[in-house]
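Data block below; observations after.
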Amino acid sequence: MTTANGRFIEVKGLKKYFPVHRGFLDSLRSQSKYVKAIDDIDFFIKRGEILGLAGESGSGKTTTGEIMVRLQDPTAGDIFFDTINVADLQGRQLKEFRLRAQMIFQDPYETFSPRLTVFGSIVESLKVHRIGTSAEKVDRVKEALTRAELRPAENFLYRYPHELSGGQRQRVAIARAMVVDPQFIVADEPVSMLDVSIRAGVLNLLKRLRSDFGLTMLYVSHDLSTVTYLCDRQATMYLGKIVEVGPSKVMVKGAHHPYTKALFSAVPLPNPDAHRERTPIEGEITGNIDLPRGCRFNPRCPYAIDICFQEEPDLVESEPGHATACHVFPARAD
Amino acid sequence: MALLDVHDVEVTYRTKEGPLKAAEYVSFQLKKGDSLGLIGESGCGKSTMAKAILRLLPDNGQISGGEILFQEQDLAKLSPKEMRKLRWKELSLVTQSAMNSLNPVYTVGAQIVEAIRTHEAVSKRRAWERAENLFRLVNIEPSHLTNHPHELSGGMKQRAIIAMALCLNPSLVIADEPTTALDVIVQDRILQQIVRIQKEISSSLIYISHDISVIAETCDYVVVMYGGHVMETAPVREFFRHPSHPYSLGMQNAFPNLEDVDSELISIPGYPPDLLNLPPGCRFSPRCPFADSVCQEERPELHFIGTQHGTRCHFPDRAEAFRAQAKLPETWTERPAQGQRGVGA
Ligand SMILES: Nc1ncnc2c1ncn2[C@@H]1O[C@H](COP(=O)(O)OP(=O)(O)OP(=O)(O)O)[C@@H](O)[C@H]1O
Ligand SMILES: [Mg+2]
């Protein structure tokens, strides 16, 4: 089932604050400060769609991804998953939800226990959820390996992580996510540690999983070239806020937010004659404890005008499906 | 006469499993003021070559063959003492981990002054002025010289390191993935600066990266390494217009390009070779869609198909046909026997 507007996953008012203790005096004054890792964001993903979440480190992308599969609890907000709000699920219901939403992590070297074989790692989630007889478990693991294009699966079942290359390990991670037949996968920088010749294969595998099994995905990455290649739509995050969201093919040609533009224009091109027009933004990403007044991007923004230092901009649609949180771009009538 | 002439260099590491040749028959030249990009995937021997040139190989590594002619002397034969005199003064290195090599106890300025005065007899004051100029060169406000390393952001620290690497006007700078740990925007800014400064002080540059687009935008020449061998070497435009080695063709196919977002990426089936268990002939042959029996048996020479364009392939004449076929995904679909000799198999 899907919500009326075709949205399979809908996130509303999502927040994640981490308290920071900055010393004795602060605690005496009981002034708790917070890192606003996610600061009130809304987005949706349609069924079978791949949404990209882009931004520099510290922008809140990984936290968002982990909350979506409930590896972390949100501080506030709703996560509608097929019309059920999963933001506050606990106990058995949470366990059931975990069957439907899986995560693939960045580092294929760290996600496996060195003592477990490929079979051992993958079968674990089947055991946790008490799925299948012993024979069925073997079949499901083999099928998952085949889906992750580790063929023939028998050759991989009893290998240890150190006997696999980085690309193969990442495929085992994909198999582990796929074995429970999820509907939704969060992939957090799944290819950033992989070599170029291997990376394209894993990206294409993710694409195929979507087209063959109708998986819905959230792809988290700082690399706009892979985000644009893989994702139907993408959202740019900056210090816990979504500052722009739109179709990838539209954004790559005409991003509106200066930060998205800067991210795109910072990607080198495999062409010695390319002349990149760089969007000149200043400094480096700041911490998100003491946010500036107004737009949180204003310290780095070359286009900031008075209002940018007063009011935080909302995400506003300029064309259907393309929204930007900026007072300056795209030029607005109001 | 080239500033640097690397000729048939071989580097061997002693390992528990036996000797590991991380580089073999590596040859390339670099003229004064030119920049050369060394590209290839993890483990292909890029850093090994950087360390060999600077004679900074770890204890279990040694240059086991060939010559590294720099300003007409063979670096491979210099004593450690002679080498120390050249390092920094003539040859300097910027690495990804260099950021952590700044001493946390001293200000950045003190460290640069110290570096200058170790190699040149100049007053503290002169050295400080030079440090200020260097900071301006890398776009850091000179007042930051009085900061301790932890007071600088990641990007600033990396720029301070670059300033330090340049402080003695070296003839050759080797940058080994100098921006990998940084965020994209900072990465790009530093890249721009490296190129600008290199032109300004007309030193030569070896830029090491696995990212072909970084090399496309930074360097005059390209050297592609694979499994310890140089597979292709060419001027940068020539390399992107007429890539000739099947591995280069595969790499270009696999690389996402924001200028061309509609093309499907094509991956190279299989995995890079295990250097302890190398295929006998061409090192790329287990993954090469064009490989023949000769490729499996004999090591190809680096054939020159232009004055500066070499390809280590048995079929240099078929490069044009390869280029056309390489664009088709079906050319690269996996064959059952492949990957068997790869790392993971
Ligand atoms: N100290 C060492 N002892 C033994 N083997 C080593 C040592 N250093 C490197 N190697 C091996 O030599 C080969 C080349 O390594 P090198 O670090 O030069 O690769 P690289 O191209 O720089 O890779 P990366 O892109 O991952 O930095 C690899 O197989 C590596 O495992
Ligand atoms: Mg290296």
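Residue numbering restarts at 1 for every chain, and letters A, B, ... go by the order of the sequence lines.
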- At their closest point, which heavy atom of V214(B) faces which heavy atom of P268(A), and how far apart are they? CG2-CG, 3.8 Å
- Enter the distance from S225(A):OG to L265(B):CG here, rounded to the nearest 0.5 Å. 8.5 Å
- Message: If you count every heavy atom of other residues, nucleotides or ligands that lies below 6.0 Å from E330(B) atom CD, does the total exceed 12?
- Response: yes
- Message: Can you give me the closest heavy-atom contact between R278(A) and D188(B), atom names plus distance?
- Response: NE-OD2, 2.7 Å
- Item | Which portion of R151(A) sits near chain B, non-hydrogen atoms under 4.5 angstrom | neither
- Heavy-atom nearest pair, A254(B) first then A200(A), reads O-CB, 3.7 Å
- So E217(B) and R276(A), side chain to side chain contact (heavy atoms under 4.5 Å, CB included) or not? Walk me through it. CA-CA 10 Å; E217(B) 294 192 351; R276(A) 278 190 285 142; 2.4 Å; yes
- Measure across A266(A) and I185(B) and return the closest heavy-atom pair with its distance rounded to 0.1 Å. CB-CA, 4.0 Å
- Task: Using a heavy-atom cutoff of under 4.5 Å, enumerate the residues of residues 49-56 of chain A that contact chain B, numbered in order, or state 'none'.
- Result: E56(A)
- Which pair of heavy atoms, one from E41(B) and one from V196(A), lies closest together, and at what distance? OE1-N, 3.9 Å
- Message: Can a donor-acceptor pair be found, under 3.5 Å and without considering hydrogens, that links the side chain of N257(B) to the backbone of P270(A)?
- Response: no
- Pick from G250(B), C219(B), P256(B): which one has the most heavy-atom pairs with chain A under 4.5 Å? P256(B)
- Find the one option among R241(B), E259(B), M251(B) whose heavy-atom pairs under 4.5 Å with chain A are most numerous. E259(B)
- Task: Go through the atoms of T228(A) and report whether side chain, backbone, both or neither lie under 4.5 Å from a heavy atom of chain B.
- Result: side chain
- Which of residues 231-240 of chain B have a heavy atom under 4.5 Å from any heavy atom of chain A? V236(B), R237(B), F240(B)
- Message: Pair V184(B), V267(A) - check side chain to side chain contact (heavy atoms under 4.5 Å, CB included), show working.
- Response: CA-CA 7 Å; V184(B) 271; V267(A) 178; 5.6 Å; no
- Message: Under 4.5 Å from any heavy atom of chain A, what part of S263(B) do you find: side chain, backbone, both or neither?
- Response: backbone
- Message: Given S197(A), which partner from the list I268(B), N253(B), I266(B) fulfils the side-chain contact (heavy atoms from CB on, under 4.5 Å) test?
- Response: I268(B)
- Message: Heavy-atom cut-off 4.5 Å, strictly under: side chain, backbone, both or neither for L203(A) against chain B?
- Response: side chain
- Verify side chain to side chain contact (heavy atoms under 4.5 Å, CB included) between E264(B) and Y229(A), making sure each step is shown before the conclusion. CA-CA 8 Å; E264(B) 285 296 304; Y229(A) 176 67; 3.2 Å; yes
- Residue part contacting chain B, namely of N204(A), when any heavy atom lies under 4.5 Å: side chain
- Does any heavy atom of chain A fall under 4.5 Å from the side chain of Q192(B), the backbone, both, or neither of them? side chain
